[in-house]
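Notes to accompany the following structure.
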Amino acid sequence: MKQDSPPLLAVPVLVPMPAERPYTYAVPVGMHVEPGSIVRVPLGPRQVAGIVWDSACETVDAKKLRPIVQAFDCPPIGKEMRRFVDWIAAYTLSPPGMVARMILRAPEAFDPEPWIEGLIRTEAEPDRMTAARARVLEMASDGLAWTRSGLAHAAGVSSTVIDGLKAQGVFETAMIPPRPVVAAPDPGFAAAALTGDQEKAAAALRESGAKGAFSVTLIDGVTGSGKTEVYFEAVAAAMDKGKQVLILLPEIALTQAFLERFQDRFGAKPAEWHSDLAPRMREKVWRQVAEGGVRVVAGARSALFLPFRDLGLIVVDEEHDPAYKQEDRVFYNARDMAVVRAHIGDFPVVLASATPSVESRVNASQSRYARVALPARFAEAALPDIKAIDMRRAPPARGGFLSPVLVGHVRETLGRGEQSLLFLNRRGYAPLTLCRVCGHRFQCPDCSAWLVEHRFRGQLVCHHCGHNEKRPEACPECGALDHLVACGPGVERIAEEVVGHFPDARTIVLSSDIMGGVKRLRLELEAIAKGEADIVIGTQLVAKGHNFPNMTLVGVVDADLGLANGDPRAAERTFQLLSQVTGRAGRTGKKSLGLLQTFQPDHPVMRAIVSGDSEAFYEREIAEREKAGLPPFGRLAGIIVSAATRAEAEAHARQLRRAAPAASDIHVLGPAEAPLALIGGRHRFRLLVQGDRRSDMQGFLRAMLAGGPKLRGSVRVQVDIDPQSFL
DNA sequence: AGCACGCCGACT
DNA sequence: GTCGGCGTGCTC
């Protein structure tokens, strides 16, 4: 701020609330604030943290003007971040305050971290020497400042020993700054030896990194081709330039292995950022990112809203992963927002995936993105042999779901002392329960989806809204006892079948239903990696990132699952999931096998997975979507409006059709149409709107929001298929 | 009467 | 998003 500018009397402040624009507050005499300052302001009956914004102050009723309570002693939110917030608000049609709220998610971090009391050895000697005292003096002889508990711990003595020495003047106290949450990673710590392809790819990344300007590079490499090692070179290059780096991961809570690989390369772990962080840690990371102390963050999508001081690179690993989509409050796709963030900050972004999203492939083929392909697995990592099991020719035994062919391979694998993974992306015991007498089907009273039986818990559960009830003995419709029958398999049921075949094998079921949360899950994954299970039955959790060195057989119980559900991305998603799951095998050079149980062995997805030829699959996928009249990539947007009930959704649809007669398609989607219509909160129904241009979509929605009955709290906007209209 | 719940508007 | 106010309806 220039010294000669007149003192500000009032400033706009974005408050964490769905207001369309910043509110205006008075700046008390003597308080200094500038755009980006984090301030405490009164809002109605309470006080909230807000961000001083840059938009021009408009005149506001002087009676309404209230003063800022406090300007936090905190680095201001930078101009790039403020533009980013405004951009996302405009793009997602969300109130800017709600976007700003995502930055302000660490309330305690706005005050500086307190300095801690340190002890430094003085010249003075203690009156009497004891063994414990000697150990302490030995530790502290380095002349550095120690914390009381740190020194006690290091010397293996109780802290009363320290207090005694301090009282005799053996130590003087000095305030020391808070410890960094992570050690500084060293870009030159252990540069990897890269193979020919990898070196070429790394060189391309280093080159765009050296320029430092905005660019998007898609690294497209099969599982085990060393994508990570390659983009680590981009990370090293950005660090060499003194820039901060953000690595986005879809589900970081489970990717302990990633942090270790990072440490092997850079000598220290990156700072983590995800929803499971302990509050204390969260604050420290936020603050140190803002102050620039933290150089590299590995985080979930919300890490995009950390207040980096000098961000110079974003890597989006597994860029195709649906976990990058936030589908409540502000709807956004972190992969696309990372591209936007990089554009605003004018630095490179790297998208990495073994199975890129179709839109990223299109962007690459249209030269909006650079593409670097890594076609081969390196060193000992061999691709698994993949085969389809035609379930029409090799059907399971009556009442079972596993083909004798698959069971045979599990037996052989057991015999070799190696591990098998049976993958089925369905939690619980059975997806549908019906009465054999009257045909009654158990449905969710709130959202009409079928209730999934969880036999272990003795419950029927709705996977859309979480509704659950006790599994009854009798049919609620006709009262018949003992005639309820479970239809179809879930992981629990497959486990039951497996135990029937192999009663002596160590079998484990892994799904998000597991008791004990992320921590327990992590332990189980580690136990499996150490060989403490023979047969693992799991949902998509097991497909993510973890390495099981002794896993040589992957059987997909129902490879067709997910192909037939109205999602325009069904084939793409299935391809990505199957490719990720089968990639769990063969990571140590042992001969390994992937088997797909399918009724459609000739389906393009199965052919692509079995042959390993994804090129043909992508080409076909793009052509298919054009044929189906789905948005041609590069231009089109889909928008989803959420509603709590079907009636409400239909009302929105009518209103939208009136407001936007040119919209090509407006569909009401119920819970059964998931995963396109993933259900969040109380919004269970959605409209999918398709049109020719994103700006049209925004126009339609604005028109809809402006006129007609109030759609209070029920309208949300989501862009699903939108490759690149944002630049 | 007392209060739980839902709806609605205000919030600078 | 969060709060308070106000109406409706039900009860230790």
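Below, chains carry the letters A, B, ... as their sequence lines are ordered, and counting in each starts from 1. In what follows, every heavy atom counts, from backbone to side chain, and hydrogens, waters and symmetry copies are set aside.
- The distance between atom CZ of R101(A) and atom P of dG1(C), rounded to the nearest whole Å, is 6 Å.
- Sorted by first then second residue, the salt bridge (charged side-chain N to carboxylate O under 4.0 Å, His left out) pairs that include residues 304-317 of chain A, not counting sequence neighbours, are K243(A)-D310(A).
- Atom P of nucleotide dA10(B) and atom CZ of R46(A) are separated by 16 Å, given to the nearest angstrom.
- R287(A) and E108(A) are not joined by a salt bridge, as no carboxylate oxygen comes within less than 4.0 angstrom of a charged side-chain nitrogen.
- Between I68(A) atom CD1 and dC11(B) atom P the separation is 19 Å, expressed in whole Å.
- If you check every strand for non-hydrogen atoms under 4.0 Å, P18(A) touches a base.
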Task: Verdict with supporting geometry, R335(A) and H320(A), side-chain contact (heavy atoms from CB on, under 4.5 Å) - done: CA-CA 8 Å; R335(A) 179 243 295 151; H320(A) 66 278; over 6 Å; no
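- The separation between L65(A) atom CG and dA10(B) atom P is 19 Å, rounded to whole Å.
- In this structure, CE of M17(A) is placed 9 Å from P of dT12(B), rounded to the nearest angstrom.
- In this structure, R105(A) places its CZ atom 10 Å from P of dG1(C), rounding to the nearest Å.
- For P45(A), whose side chain is taken as the heavy atoms from C-beta onward, the closest listed nucleotide among dG4(C), dG1(C), dT12(B) is dG4(C).
- Between the C1' atom of dC11(B) and the CD atom of Q47(A) lies a distance of 14 Å, rounded to the nearest Å.
- The ring-ring contact (aromatic ring centres under 6.0 Å, His included) check on F110(A) picks up F72(A), W286(A), with sequence neighbours excluded.
- Distance I51(A) CD1 to dT12(B) C1': 16 Å, rounded to the nearest Å.
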